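I have placed the structure first, in the form of structure tokens, so that the comments after it can refer back to it.
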There are 2 protein chains.
Amino acid sequence: MNLPFKALSDPTRRKIIMLLRKEDLTAGEIAEHFDMTKPSISHHLNLLKQAGLVNDERKGQNIYYSLNTTVFQELIGWFFDIINVKEDGKNEENN
Amino acid sequence: MNLPFKALSDPTRRKIIMLLRKEDLTAGEIAEHFDMTKPSISHHLNLLKQAGLVNDERKGQNIYYSLNTTVFQELIGWFFDIINVKEDGKNEENN
DNA sequence: TAGATAATTAGACAATTATCTAAATATCTA
DNA sequence: TAGATATTTAGATAATTGTCTAATTATCTA
């Protein structure tokens, strides 16, 4: 759970996640929303991917990014564990 | 929401949160669980406090730390926003 | 009030991170 | 195959962060 938390600690990366809520986007489309170079955005996308928060898929010249909700659900489980609200069939795991 | 995410990005601070899940603890009791100096733990506790994740209360010579679940619930809301919008399936025509 | 205990604050330093420019890779199309 | 477009990779640098030691603050008690 370290990489997801690290990935979420940056405002740019959280904004990228918000952009991907509604629709999958290419790296270029994502970069258009920021006052930052494309290599910087690419770096953030890579960290999000390593954390398992997004998937990428090449389609011709474009690489489409999409949310991978699996890790988000694990994170929600972590938070529920903190506030002692029990989820159905979820095991406890730290860290 | 920036400070809470920043605070949660460090493993030591997440472990502190886990310790406080079961009972309130003094700064010294928390420090005993780590191979790290007390000033370092104090620093982490300060960041957790600034993020609103913990409260502190002095009782004599001790300062007791406890979880403040309010911000945790806000964080859960943030995650649900992501999952819900995503799974309302606006863009199932992927690829 | 002096000494002991609990905890924080201050300041320094090394490691990590975010950002940039330049170069490289992958793909499409004429 | 050449040139254009989309994106990543490499390398450098400045800012941020985590940790330490030393000093300070707050409290208790004899």
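Computed from heavy atoms alone, side chains included, the values below leave out hydrogens, waters and symmetry copies. Proteins come first, then strands; the chains are lettered A, B, ... in the order of their sequence lines, and each starts at number 1. Just so it is clear, the structure is predicted and the values come from calculations on it, not from any experiment.
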Hey, is the main chain of [Y] close enough, under 3.5 Å, to the side chain of [X] for a donor-acceptor pair?
X        : Y        : value
Lys15(A) : His33(A) : yes
Asp10(B) : Thr12(B) : yes
Gln73(B) : Thr70(B) : no
Arg14(A) : Leu8(A)  : yes

Earlier contact from the 5' end, DNA chain C, for Pro39(A) and Ser9(A) = Ser9(A)
In whole angstrom, give the distance that lies between atom [atom1] of [X] and atom [atom2] of [N].
X        : N       : atom1 : atom2 : result
Ile41(B) : dT21(D) : CD1   : P     : 14 Å
Glu29(B) : dA7(C)  : CD    : C1'   : 13 Å
Asp35(A) : dA18(C) : CG    : P     : 17 Å
Leu48(B) : dT8(C)  : CG    : P     : 12 Å
Met36(B) : dT17(D) : CE    : P     : 16 Å
His44(A) : dT7(D)  : NE2   : C1'   : 16 Å
Phe5(B)  : dT17(D) : CZ    : P     : 16 Å
Lys38(B) : dA23(D) : NZ    : C1'   : 16 Å

Tell me what [X] touches on the nucleic acid: a base, only sugar-phosphate, or nothing, going by heavy atoms under 4.0 Å.
X        : result
Lys49(A) : nothing
Asn46(A) : nothing
His43(A) : base
Ile30(A) : nothing

With a 4.0 Å cutoff (strictly under), does any side-chain N or O of [X] reach OP1 or OP2 of [N]?
X        : N       : answer
Ser42(A) : dT9(D)  : no
Lys6(A)  : dT16(C) : no
Thr37(B) : dT19(D) : no
Ser40(A) : dA18(C) : no

G-U wobble or Watson-Crick pairing nucleotide for dC20(D) (cut-off 3.5 Å, both distances) |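 Its partner is dG11(C).
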So what's dA30(D) paired with, Watson-Crick or G-U wobble, going by both distances under 3.5 Å?
-> dT1(C)
Give the intermediate values and the outcome of side-chain hydrogen bond (donor to acceptor under 3.5 Å, both in side chains) for residues Arg21(A) and Asn84(B).
-> CA-CA 9 Å; Arg21(A) 276 192 312 173; Asn84(B) 287 337; over 6 Å; no
Look at the rings of Phe72(B) and Trp78(A) and say which category their plane angle falls in: under 30° parallel, 30 to 60° tilted, over 60° perpendicular.
-> tilted
Strand-adjacent residues in residues 54-66 of chain B, judged by heavy atoms under 4.0 Å from DNA chain C |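 Output list: Gln61(B), Asn62(B), Ile63(B), Tyr65(B).
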Donor-acceptor list for residues 38-49 of chain B side chains, cut-off 3.5 Å, not counting sequence neighbours:
from, atom 1, to, atom 2, distance (Å)
Ser40(B), OG, Thr37(B), OG1, 3.1
His44(B), ND1, Arg13(B), NH1, 3.0
Lys49(B), NZ, Asp56(B), OD2, 2.9

Among the nucleotides dG18(D), dT9(C), dA22(C), whichever has the atom closest to the side chain of Asp10(B) is dG18(D)
Quick one: pull up CG in Asn68(B) and CD1 in Ile83(A) and give me the separation to the nearest 0.5 Å.
-> 11.5 Å
